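Every value quoted in this text rests on a predicted model; they were computed, and no experiment measured them. Just so we're on the same page: letters track the sequence lines, and every chain starts at 1. What's counted below: heavy atoms across the whole structure, side chains too, no hydrogens, waters or symmetry copies.
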Amino acid sequence: MLLKLSLAGMKGKLKDYFVLLSGLVMTISVFYMFQTLSWNTEFIKSNAMIRNIQLVFIVGSVLLSVVTILYMLYTNSFLLSLRQKQFGMYMMLGAKKKSIKKIMFVETMVIGCASLVIGITVGIGLAFIVGYLLAGQLNITLEGYQSFYLPAVLATFIFFIVVFLCTALINHIKLSRVQVLQLIYSDVHPDDMPIQKKKNSWLILLGLISLSLGYVSLIFMEKLREIGLFAAPTFTTLGTYLLFIGYLPVIVNRMQANKRWTSKGVTSFTFAQLNFRIQGLTKILATVAMLIALGAGAISAGLAFKNSASQMAEMMGAYDVIIKNPNAEEKALLKNIHFTEENQYRFKEDPDYTYYLRDDLENQRPLLLVSDGRKPKFKRVTEDLPEGKISLSEVKNPEVGQQLSDEWDRALWNLRTNYRVFKQMIVLDSETYHEIQGQEKLMYIGKSDKFTDYLHEWQGIDKLALEKDPILTADDLTSKYSFYNMYSSFTSGTMFMGFFLGIAFLAMMASCLMFKILSGASKDTSRYQMLRKIGVRRSALSTSIYKELFIIFLFPAMVGLAHVLIGMNMFSFIILNPYYRIWVPIIIFLIIYCLYYVITVKLYKQIVLPKE
Amino acid sequence: MGSPVVEVRNVQKVYGKKGGNQFKALNDVTFSMQEGEFVGIMGPSGSGKTTLLNVISTLDQVTSGEIKIDNVDITDMGQDELSDFRSQKLGFIFQDFNLLENMTIAENIALPLYLQGTPAKNIDAKVVTVAKRLGIEELLQKYPAEISGGQKQRSAAARALVHEPTVILGDEPTGALDSKNATSLLETMKDLNDRQNVSIMMVTHDAYSASYCQRIIFIQDGKLHKEIHRSATRELFYKEILDVLAQLGTKNA
């Protein structure tokens with residue numbers, strides 16, 4: 001009988017249960033997605049460029065667990081609030097408290113198990129789709145990646161069963177304490193009082209200190225190593241929570257106190273509403289800020305790794321392509337490329353030496369790469385070549401050798417196409433050069449306007465080089481493209497993890513904030529209705545909602561992005577320039593975030609401003 | 001007596017779809033209210049008194065007929081126009097106060113002024129003036145949760161008055177108050193009506209509250225049943241009201 005009652009009660013609030021269930025499913029599936037990588041040690045070890053990747057995942061797991069538990073506590077109190085009134089009524093009609101507690105326990109567990117099964121299924125599906133799409137987009141093959149991974153299923157299952165048991169226990173204790181009347185009137189709230197803000201100076205101070213500690217460990221990650229890896233997330237998270245709890249209400253209060261802003265139209269209500277709500281939102285907003293930091297950070301890191309391949313390639317040398325005796329096919333490919341500089345040098349070969357013509361080198365002095373370790377810089381060779389007539393026997397004598405200047409030595413060293421053949425290079429005056437027997441050949445070098453624009457062409461040229469010289473394999477080539485390609489394959493695994501986790505964290509962030517705002521919306525309905533009655537236009541109310549939620553969305557975004565901007569320092573020891581094109585992931589994130597803001601506003605409006 | 005502030009002519013309000021199960025909440029109601037009048041609307045539950053107040057307060061639309069407030073026909077206005085109209089011409093006092101608990105009393109009272117775009121510098125003075133009139137000037141910086149029910153209803157009345165509306169509409173304003181607070185509020189309303197010539201229309205089912213009015217319109221089954229005027233003392237008028245209610249009761253039974 002009680003079961004029947006319970007089911008009937010749930011039917012009446014299907015919409016609320018849907019919100020609840022979808023929130024839980026989202027959390028579980030994201031947790032699962034994270035676990036598929038975290039437990040697949042073989043995959044992450046073989047694909048990551050970070051030595052301590054295991055540690056990164058452990059720290060990530062701890063962070064995610066904390067966030068998940070916080071989120072579950074919210075959902076649980078929402079579940080309880082859905083049922084309280086009915087429970088009170090059952091008790092008034094004679095149901096024993098024991099049976100009520102039993103219903104609640106069973107209901108918590110049933111909802112928990114249902115969401116667990118759906119959540120893991122969705123998680124597997126998402127892991128598969130995201131993995132598949134990313135692999136396709138990034139043009140990589142993922143060896144060892146499994147969207148269905150048994151240890152991850154087990155870990156997720158055990159974690160959430162424990163969490164659900166705990167929340168069921170909490171509900172049990174809560175129900176033991178309350179009286180029947182409290183339950184019946186649970187939806188009649190005494191007017192809530194905006195809490196008078198005491199300046200939580202010590203909270204703010206503590207928050208600032210721990211946030212600074214967190215930032216310092218992010219910036220000096222390379223020196224702090226393992227200590228930094230623990231200190232950075234711990235202090236940054238702690239600082240974020242403390243600042244949101246201590247400082248955010250103060251900021252909002254200040255905004256409300258500014259009469260110039262708040263005395264026009266419905267704005268006074270907007271800020272009052274914001275001020276009223278913010279106390280209950282601080283923790284969830286801090287959570288959202290952390291999830292944004294993790295999500296946008298992971299995507300930025302992924303992109304930074306992707307970009308690092310081309311940057312590393314730029315550091316390889318001044319010229320993008322070097323071809324020995326370009327044939328017709330190669331020339332055709334070269335035609336597609338816009339070069340900023342092209343040089344050709346005549347040379348002759350014998351089994352031991354390569355002879356270059358001094359005049360050619362003199363007339364087309366090549367560029368040299370001079371780098372400060374971060375950004376490629378170029379310098380034209382200025383030093384002198386050996387003057388006058390050069391005696392061949394002298395330069396060929398290994399003990400005397402040809403004394404080329406340092407710059408020229410490097411410049412000529414760069415005129416190689418593979419690692420296989422090493423021949424000493426000798427620069428000759430034209431007279432001696434022409435005495436050399438053998439066919440004259442051409443060494444072509446070119447520098448394009450942008451290396452990454454012509455990847456397809458470079459690939460073709462490398463392929464032709466291999467065809468021309470059958471003894472070479474792909475590993476022997478010294479071309480910029482082959483280096484780029486090799487480096488890309490190193491980074492693609494790390495890049496995949498970054499994108500994968502980024503998407504997962506952003507999804508979790510979305511579900512978290514949306515859940516909190518929508519689950520509290522029904523309580524706001526009466527306020528909006530009252531405003532309607534005293535003559536506020538619907539459009540003005542709508543504007544008010546847009547404004548209020550905008551400010552709510554703004555704070556975590558700002559803090560989250562600040563974390564990302566500071567946090568990218570962490571990768572500076574492995575990537576040349578982690579900030580290269582950082583605006584790309586930030587803009588991608590902002591677009592997603594804005595979309596999601598608009599959706600939340602629409603859903604919220606549907607609840608508090610019913611159609612007339 | 002001045003010009004009519006509210007004119008209701010042949011108003012019908014039908015719930016339900018055509019051909020379906022229709023219910024006439026208001027059936028050909030016609031009456032008018034002069035400037036400076038204090039009118040009560042009474043009737044048993046389900047008689048249509050709240051529906052009447054809702055259509056007059058522009059919250060609900062009539063099926064047919066015409067309603068003019070301050071010589072403006074409100075029956076063919078759009079939603080936005082109606083919102084503006086409410087915020088300028090009408091003041092509301094609800095049974096459950098409907099104060100916004102997230103704003104101080106001063107902010108609650110000032111809300112209609114904010115909505116009309118009154119310059120910020122004039123707002124404080126107006127709020128203080130109206131608060132003094134209702135004897136709540138000490139409460140201005142408090143939040144609704146910190147004051148009693150009677151004080152809340154006075155604050156709501158202050159909010160209804162602050163923008164000097166054409167007419168104040170009360171929906172069981174004393175319904176949630178104890179007798180002492182109810183009397184005090186009614187005295188205040190009568191005082192406003194007597195001295196400041198504020199027009200008030202109030203729906204109530206309580207004969208005692210109704211006895212403060214000058215004129216009472218009785219509705220039954222969506223139709224005007226009777227209208228009585230106060231001619232002698234309030235006590236006599238109270239008895240007269242009870243008589244009419246008794247009549248209505250026996251007819252029902």
Side-chain angles (χ1 to χ4, degrees), chain A residues 187-197 249 252-253 255-281 520 523-544 548 608-612, chain B residues 53-54 57-61 78-94 96-104 106-124 127 141-147 149 152 156 159-160 162-163 165 169 171:
Chain A
D187 59 346
V188 183
H189 295 279
D191 291 346
D192 290 315
M193 255 276 286
I195 298 160
Q196 299 300 319
K197 278 96 207 167
V252 173
N253 211 20
M255 285 165 97
Q256 197 195 3
N258 186 338
K259 285 281 176 225
R260 245 187 316 162
W261 291 356
T262 56
S263 62
K264 285 201 189 79
V266 79
T267 334
S268 62
F269 171 77
T270 311
F271 278 95
Q273 170 79 358
L274 190 63
N275 203 357
F276 188 58
R277 258 166 169 260
I278 206 76
Q279 286 289 345
L281 282 174
K523 279 188 191 166
D524 296 330
T525 313
S526 63
R527 277 193 278 272
Y528 286 97
Q529 250 163 9
M530 200 243 105
L531 286 170
R532 271 303 273 152
K533 279 187 186 167
I534 68 164
V536 183
R537 284 179 174 217
R538 209 186 150 80
S539 56
L541 287 180
S542 168
T543 314
S544 165
E548 184 197 334
V608 299
L609 290 180
K611 284 253 180 318
E612 287 176 13
Chain B
L53 192 77
N54 279 345
S57 59
T58 78
L59 293 172
D60 207 346
Q61 270 158 349
Q79 281 300 330
D80 284 347
E81 278 177 287
L82 284 177
S83 291
D84 294 349
F85 185 83
R86 282 203 292 277
S87 69
Q88 284 156 21
K89 305 277 175 156
L90 305 179
F92 290 96
I93 308 177
F94 302 95
D96 47 359
F97 325 128
N98 267 333
L99 292 170
L100 295 167
E101 64 260 51
N102 51 14
M103 298 168 101
T104 61
E107 285 167 338
N108 263 291
I109 296 174
L111 198 58
L113 298 176
Y114 291 141
L115 293 178
Q116 288 182 5
T118 309
K121 54 179 193 276
N122 303 345
I123 288 178
D124 283 347
V127 169
Q141 290 320 312
K142 300 208 166 174
Y143 282 93
E146 297 171 291
I147 63 177
K152 279 186 207 172
R159 185 183 61 192
V162 73
H163 56 303
L169 301 169
D171 184 3

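Under a 3.5 Å cut-off, the side chain of Thr543(A) and the backbone N or O of Ser539(A) do form a donor-acceptor pair.
There is no contact between Phe271(A) and chain B, counting heavy-atom distances below 4.5 Å. For chain B, the nearby part of Leu531(A) is the side chain; its heavy atoms alone come within less than 4.5 Å. There is no contact between Gln529(A) and chain B, counting heavy-atom distances below 4.5 Å. With a 4.5 angstrom heavy-atom cutoff, Leu115(B) touches chain A via backbone and side-chain atoms both. Phe94(B) touches chain A through its side chain: at least one heavy atom from C-beta onward sits under 4.5 Å away, while N, CA, C and O do not.
Lys533(A) is linked by a salt bridge (charged side-chain N to carboxylate O under 4.0 Å, His left out) to nothing, counting only residues two or more places apart in sequence or in another chain. Taking the salt bridge (charged side-chain N to carboxylate O under 4.0 Å, His left out) definition, one finds that Asp60(B) meets it with Lys13(B), sequence neighbours left out.
Side-chain atoms of Arg532(A) and Ser83(B) include a donor-acceptor pair closer than 3.5 Å. Looking only at atom types and distance, the side chain of Gln79(B) has no donor-acceptor partner in the side chain of Arg538(A) under 3.5 Å away.
The most heavy-atom pairs under 4.5 Å with chain A, out of Gln116(B), Arg159(B), Glu81(B), Gln88(B), come from Arg159(B).
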